[in-house]
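Computed from heavy atoms alone, side chains included, the values below leave out hydrogens, waters and symmetry copies.
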Amino acid sequence: MSTGTDTVYVTLSDTLQSKFNIPADEITPTTTIGDLELDSLALAELAVVLSEELGVTVTEDGITADTSLAEFTEHIAAHVRTGGDSA
């Protein structure tokens, strides 16, 4: 992962631990949203928190139970790097 991606991943990991009480050992780049048993409401809340933390609009659009945390991270990081309005 690149430096920008690393920052996004750390923010995602920290948020999952602090806001959703997910143990650190369950959070890996290959862990999927489904593995974490996040429902649509929790995913929407995660998007809001990440938006606030990272300063870009993060949505859950296109994120499914099969999306890995690495894929989700890269999706967000691409928008952070380009200063995009929506991830």
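Between T73 and D6 there is no side-chain heavy-atom pair separated by less than 4.5 Å. Using a 4.5 Å cut-off on side-chain heavy atoms (C-beta onward), I63 and D61 make no contact. At least one side-chain heavy atom of L50 sits less than 4.5 Å from a side-chain heavy atom of F72. Proximity of T31 to T28: side-chain heavy atoms (C-beta onward) are separated by under 4.5 Å at one or more points. Using a 4.5 Å heavy-atom cutoff, the side chains of I27 and Y9 are in contact. Put simply, the side chain of I33 does not reach to within 4.5 Å of the side chain of T64, judged on heavy atoms.
Across D14, N21, T15, a single residue satisfies side chain to side chain contact (heavy atoms under 4.5 Å, CB included) together with Q17, and that is D14.
Expressed to the nearest 0.5 Å, how far CD1 of I76 lies from CD of E53 amounts to 11.5 Å. The CD atom of E60 sits 9.0 Å away from atom CG of L46, with the distance rounded to the nearest 0.5 Å.
Annotation: side-chain hydrogen bond (donor to acceptor under 3.5 Å, both in side chains) contacts involving residues 33-51, sequence neighbours excluded, comprise T32-D35.
Side chain of E71 to main chain of S68: a donor-acceptor pair is present (N/O by atom type, distance under 3.5 Å, no hydrogens or angles).
L54 and V49 are assigned to two separate hydrophobic clusters, defined by single-linkage of ILVMFWY side chains at heavy-atom distances under 4.5 Å.
Remark: T11 engages no residue in a side chain to side chain donor-acceptor pair (under 3.5 Å) (not counting sequence neighbours).
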